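These figures come from a predicted structure and were not determined experimentally.
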Amino acid sequence: MFRKPLIAALAIAASFASAAQAQDFKLTSTSIAEGQQLTNQFVFNGFGCTGGNLSPQLSWSNAPEGTKSFALTAYDPDAPTGSGWWHWNVVNIPASANSFEEGASGNKTLPAGSMEITNDYGAKGFGGACPPAGEVHRYIFTIHALGVPALDLPDNPSNALVGYMIGANTLQTAKITAVFNH
């Protein structure tokens, strides 16, 4: 007689616990902040922009149970391309990693095994912000907790394929969205 209400109560409690755990996965940075303008050091040097083209410092914590690796993406959904602009894709980040130092892209300081993908500028690694003059664009930095130790990717994969494989294996994400205009 009490069995069905008890099972329902346990299911509700489990879903609340799962939701609480999901909220605990965090991405933080000493370089960038939610909703704030990127500084010039994180701006691309080219395409009419003059910046330092440094990747920001990023740290993540409280990954969900079952995380076997991470992927990091930096994406501008406002780019006038019809498909946005991929500024940075790093895959196969070991589950033991929890941060990137500022300027880590291209400087051999990423965790061992990490693989940087060619960005939409055509270079491997980080490519900074560079929206058309007068436009404000969003730059979404996302850490993806993945349920596989490494993504099975061909040599020189497209950002669309990398995005698909990340999406197919993501357990949870945490984000920081910064902005830039000039």
Side-chain angles (χ1 to χ4, degrees), residues 25-34 36-61 63 67 69-79 81 83-131 137-146 148-151 153-167 169-170 173-182:
F25 186 38
K26 291 184 181 180
L27 179 63
T28 59
S29 177
T30 59
S31 301
I32 63 174
E34 182 68 31
Q36 297 300 305
Q37 174 94 349
L38 293 170
T39 60
N40 199 53
Q41 63 197 36
F42 309 112
V43 172
F44 191 66
N45 193 21
F47 271 41
C49 292
T50 305
N53 203 44
L54 282 179
S55 57
Q57 185 281 332
L58 297 164
S59 297
W60 52 94
S61 59
T67 298
S69 69
F70 296 99
L72 178 87
T73 59
Y75 177 70
D76 172 4
D78 304 313
T81 64
S83 60
W85 193 270
W86 292 100
H87 288 266
W88 200 17
N89 268 318
V90 186
V91 298
N92 302 342
I93 304 164
S96 59
N98 63 5
S99 67
F100 291 163
E101 64 184 45
E102 189 171 287
S105 178
N107 287 329
K108 311 294 183 220
T109 61
L110 292 174
S114 300
M115 182 172 80
E116 291 186 287
I117 306 300
T118 301
N119 61 42
D120 282 345
Y121 291 114
K124 282 198 188 264
F126 180 76
C130 186
H137 282 213
R138 294 169 290 160
Y139 298 88
I140 305 168
F141 292 81
T142 306
I143 190 72
H144 304 259
L146 305 179
V148 295
L151 295 180
L153 296 168
D155 290 340
N156 300 312
S158 69
N159 284 299
L161 177 60
V162 172
Y164 176 85
M165 294 300 288
I166 290 171
N169 291 286
T170 294
T173 63
K175 301 177 183 191
I176 297 173
T177 302
V179 297
F180 185 75
N181 70 317
H182 61 107

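Within the 3.5 Å criterion, the main-chain N or O of S55 finds no donor-acceptor partner in the side chain of S105. Between the side chain of N119 and the backbone N or O of N89, no donor-acceptor pair lies under 3.5 Å. Side-chain atoms of S69 come within 3.5 Å of backbone atoms of V148 as a donor-acceptor pair (strictly under, hydrogens ignored). Between the side chain of E116 and the main chain of V90, no donor-acceptor pair closer than 3.5 Å is present.
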Walk me through whether T50 and V43 qualify under side chain to side chain contact (heavy atoms under 4.5 Å, CB included).
CA-CA 7 Å; T50 305; V43 172; over 6 Å; no

Can you check side chain to side chain contact (heavy atoms under 4.5 Å, CB included) on I32 and L38, steps first, answer last?
CA-CA 6 Å; I32 63 174; L38 293 170; 3.4 Å; yes

Take I143 and L58, measure what side chain to side chain contact (heavy atoms under 4.5 Å, CB included) needs, and give me the verdict at the end.
CA-CA 9 Å; I143 190 72; L58 297 164; over 6 Å; no

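Residue pairs meeting the disulfide bond (SG atoms under 2.5 Å apart) criterion with at least one member in residues 94-130, sequence neighbours excluded, are C49-C130.
Of all non-hydrogen atoms in A174 and K26, the two that sit nearest each other are CB-C, 3.7 Å. Between N92 and A150 the shortest heavy-atom distance is OD1-CA, 3.2 Å. Of all non-hydrogen atoms in M165 and N169, the two that sit nearest each other are O-ND2, 2.8 Å. I117 and M115 get closest at one heavy-atom pair: CD1-CE, 3.6 Å. Across all non-hydrogen atoms, the minimal contact from H182 to G48 is CE1-O, 4.4 Å. The nearest pair of heavy atoms linking E34 to T177 is OE1-N, 2.9 Å.
With a 4.5 Å cut-off on side-chain heavy atoms, P111 and S99 do not count as touching. T170 has its side chain within reach of L146: a pair of non-hydrogen atoms, C-beta onward, lies under 4.5 Å apart. A heavy-atom distance below 4.5 Å is found between the side chains of L161 and P154. Taking the side chain as every heavy atom from C-beta outward, L27 and T142 never approach each other to under 4.5 Å. You'll find the side chain of T28 stays beyond 4.5 Å of the side chain of S61, heavy atoms only.
Not counting sequence neighbours, the partners of Y139 by the ring-ring contact (aromatic ring centres under 6.0 Å, His included) test are H87. With sequence neighbours left out, T73 forms a side-chain hydrogen bond (donor to acceptor under 3.5 Å, both in side chains) with H144. Residues that satisfy the side-chain contact (heavy atoms from CB on, under 4.5 Å) test with P149, not counting sequence neighbours, are K68. Legend: residues meeting side-chain contact (heavy atoms from CB on, under 4.5 Å) with Q36, ordered by chain and number and at least two apart, are A33. For N40, there are no side-chain hydrogen bond (donor to acceptor under 3.5 Å, both in side chains) partners, not counting sequence neighbours. Considering only residues two or more places apart in sequence or on other chains, N181 meets the side-chain contact (heavy atoms from CB on, under 4.5 Å) condition with Q37, V136. By the ring-ring contact (aromatic ring centres under 6.0 Å, His included) test, Y164 pairs with no residue at all, sequence neighbours left out. Qualifying side-chain hydrogen bond (donor to acceptor under 3.5 Å, both in side chains) partners for T30, counting only residues two or more places apart in sequence or in other chains: Q57. Contacts of T67 classified as side-chain contact (heavy atoms from CB on, under 4.5 Å), with partners at least two apart in sequence or in another chain: A63, P64, F70, A145, L171. By the side-chain hydrogen bond (donor to acceptor under 3.5 Å, both in side chains) test, S31 pairs with E102, sequence neighbours left out.
For W88 and F100, the ring centers sit closer than 6.0 Å to each other.
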Compile the donor-acceptor pairs under 3.5 Å between side chains in residues 120-128 and protein atoms, sequence neighbours left out, one pair per line.
residue : atom : partner : partner atom : Å
D120    : OD1  : N159    : ND2          : 3.1
D120    : OD2  : W86     : N            : 2.7
Y121    : OH   : G128    : O            : 2.7

